[in-house]
Amino acid sequence: MDEEYDAIVLGTGLKECIISGMLSVSGKKVLHVDRNKYYGGESASICPLEELFSKFGVPPPDESYGRGRDWNVDLIPKFLMANGSLVKLLIHTGVTRYLEFKSVEGSYVYKAGKISKVPVDQKEALASDLMGMFEKRRFRNFLIYVQDFNQQDPKSWKDFDPNTQNMQALYDKFGLDRNTQDFTGHALALHRDDDYLNRSAIETIDRIKLYSDSLARYGKSPYLYPMYGLGELPQGFARLSAIYGGTYMLDKPIDEIVLGEGGRVVGVRSGDEMAKCKQVYCDPTYVPDKVRKTAKVVRCVCLLDHPVANTKDALSTQIIIPQKQVGRSSDIYVSLVSYTHQVAAKGWFIAMVSTTVETDNPEAEIKPGLDLLGTIRQKFVSVSDYFEPNEDGVQSQIFVSQSYDATTHFETTCLDVLDIFKRGTGEEFDFSKIKHELGDEEQ
Amino acid sequence: MATVRIPELKVILCGEYGVGKSSIFRRFTNNTFVKATDRKSTLGLDHFYRTFYVYDREVKLQLWDTGGMERVASITSSYYKFAEAAILVFALDNPASFHVLSQHLLDIVTYAENARIFLCGNKSDLVGNVPQITDSEIESFCEQCHNLVSGIYKTSCKTGDGLEEMFADIAQQLANSNRSRLELQSMEQHGFKITPYEDEPDEDGCLC
């Protein structure tokens, strides 16, 4: 450890692993340390199942759960948008070669106590039971508008300025009713709350386009999920970093981040070992004095031995409960994966219900989500704090990531990573720096 | 015109730091040898495939190196995923690297349950008149692990001895066992790779 590095990365969660990979690829000498003896931090998939049970202080699983090591249970549920930023990062960095994916089978939205498939094209919109006949036509016109919308071509804006006018105005232009606005904003544009209505419409138009472009990629739904669980993602980027010269250390407690002149970081100390560096990149848990708590997220892992009702027995699905439907101000998300992704023993399903905490009884807040699941064999509830860094890190050269939020996909994760990289290196990440030499598939 | 896709069989190198995994990898990729460990020579190199011919059929071996992760940390479990075979490497002049193999074997059977396992004693050029690890020790190791080992090889990356023979034999063994296995595997057990947007997404089954 007693060496000098350009950067030391603390924590092997997904964000830190992506950053570590990007830094190594850019020619930086990187030391990547985790206090745990496994990769992935909070983004790890727990294996075997016994470990999950003991982590939550529950008596070990009986034999009906099959072999413990056939389970890989995520603690933070997310899907990849098939045309989203993480997929682009995976492709550009070549990390995609370590992974296999499956399309999530369906995407559903909750309305008045029951769930319906999210209509994504004109045909589905016309068949949907979410809207009445006239509303369907208005929604169809809205979808066509968004599809034809081109930011470079004001003619396609049709007398509406998406940069200055807000989303509410665009809904009103098409005469969409409250219910349609609800599933458009929350199940297509994937907004967590209703603040977006007052922001410029362009943001929501882009999000709906991301949804439909992602859908066009592999069909069925816009979401992808990796075989063996999300924990494969940080590991893939860690390998990228190692391949490009990054050094890995696990099970290494960090006792001090050592500051020098002007409060700038000069190294990291573990026991009586000290590694020198010019920069530190880390997750909030390594610098409790440099972050503030801004919210809480409740997540509940549920083990089921059956699919979820009214999803055509889908082996994977997402259900969004828009806030207004259940009198809240942030959405409740339900995601379901299963044995088909090699994350559970044969016949088993893992559902995760999550939301941003609004009361002092978080478990009660997710009840509408739990109620959709039917009999739950075992559930594990956790409430985690959401931390944001107090400063941008330019002064101290300590760059801190934000905690993982309640969103169901990785778009905000990637934005944070790219922003940290830019703050740390003063430049945007240059994808062309990754040289695929011998051994690349495209040879 | 219909073409048959030749599957690339993932083969991983496992074993202690310094037994010569990267040297084996380098011999496999461009048949060279460097004396001192020189990370730069494999920097950015992830894996490499070569085509072997077994009874006129093509078999693609895709060899993966660890990237040096085992030096101070452990190797990620994802390294083992989707592996068809693992080469368990030890150095013939280093008994410690041999006696620790059972730990590496355990990792392989845990994370790559279906992988065929091959045992490779490297650095045969450094063995003096009295071998540090005897053939009977190697045999009893294979017996202890319930004959999970499908082949035993002695190689020298320095002289190149035994390496081509090892790769060819592994290719042959995998070709023999894989025909039936590939046919048995249903698509249900597999996901797909994501590819750049310009490419057409792969369709399941028929590749016309």
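Here the structure is a predicted model, which means the values were calculated and not measured. Every chain is numbered from 1 and lettered A, B, ... according to where its sequence line falls, protein lines coming before strand lines.
Heavy atoms from other residues, nucleotides or ligands lying under 6.0 Å from CZ of F167(B) number more than 12. Crowding of K158(B) atom NZ: a count of heavy atoms from other residues, nucleotides or ligands under 6.0 Å not exceeding 12.
When heavy atoms are compared at a cutoff of 4.5 Å, Y98(A) approaches chain B by way of both its backbone and its side chain. In this structure, the portion of E113(B) lying under 4.5 Å from any heavy atom of chain A is its side chain and not its backbone. Residue contact with chain A, scored on non-hydrogen atoms closer than 4.5 Å, involves the backbone and the side chain of S77(B) alike. Residue contact with chain B, scored on non-hydrogen atoms closer than 4.5 Å, is absent for L80(A). Only the side chain of T247(A) comes within contact range of chain B, with heavy atoms under 4.5 Å apart. L63(B) does not touch chain A: none of its heavy atoms, backbone or side chain, sits under 4.5 Å away. Heavy atoms closer than 4.5 Å to chain B are found in both the backbone and the side chain of R239(A). With a 4.5 Å cut-off on non-hydrogen atoms, F101(A) touches chain B through its backbone and its side chain both.
At least one side-chain heavy atom of H47(B) sits under 4.5 Å from a side-chain heavy atom of R97(A).
Rounding to the nearest 0.5 angstrom, the gap separating the OH atom in Y248(A) from the OG1 atom in T66(B) is 13.0 Å. Note: F192(B) CZ to L99(A) CG = 11.5 Å, rounded to the nearest 0.5 Å. Atoms OG and OH, from S74(B) and Y38(A) in turn, are 12.5 Å apart once rounded to the nearest 0.5 Å. To the nearest 0.5 angstrom, K193(B) atom NZ is 11.0 Å from L90(A) atom CG. In this structure, the separation between CD on E100(A) and CD1 on I194(B) is 11.5 Å, given to the nearest 0.5 Å. A distance of 8.0 Å separates CD1 in I75(B) from OH in Y39(A), rounded to the nearest 0.5 Å.
Between Q235(A) and S78(B) the shortest heavy-atom distance is OE1-N, 2.7 Å. For the residue pair I243(A) and G67(B), the shortest heavy atom distance occurs at CD1-CA, 4.1 Å.
Screening residues 24-37 of chain A for salt bridge (Lys or Arg N to Asp or Glu O under 4.0 Å) gives E3(A)-K29(A) as the qualifying pairs, with residues at least two apart or on separate chains.
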Quick one: do Y228(A) and Y80(B) satisfy ring-ring contact (aromatic ring centres under 6.0 Å, His included)? Show the steps, please.
CA-CA 12 Å; Y228(A) 298 103; Y80(B) 300 88; over 10 Å; no

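Put simply, of H32(A), R69(A), H341(A), the one with the most heavy-atom pairs under 4.5 Å next to chain B is R69(A).
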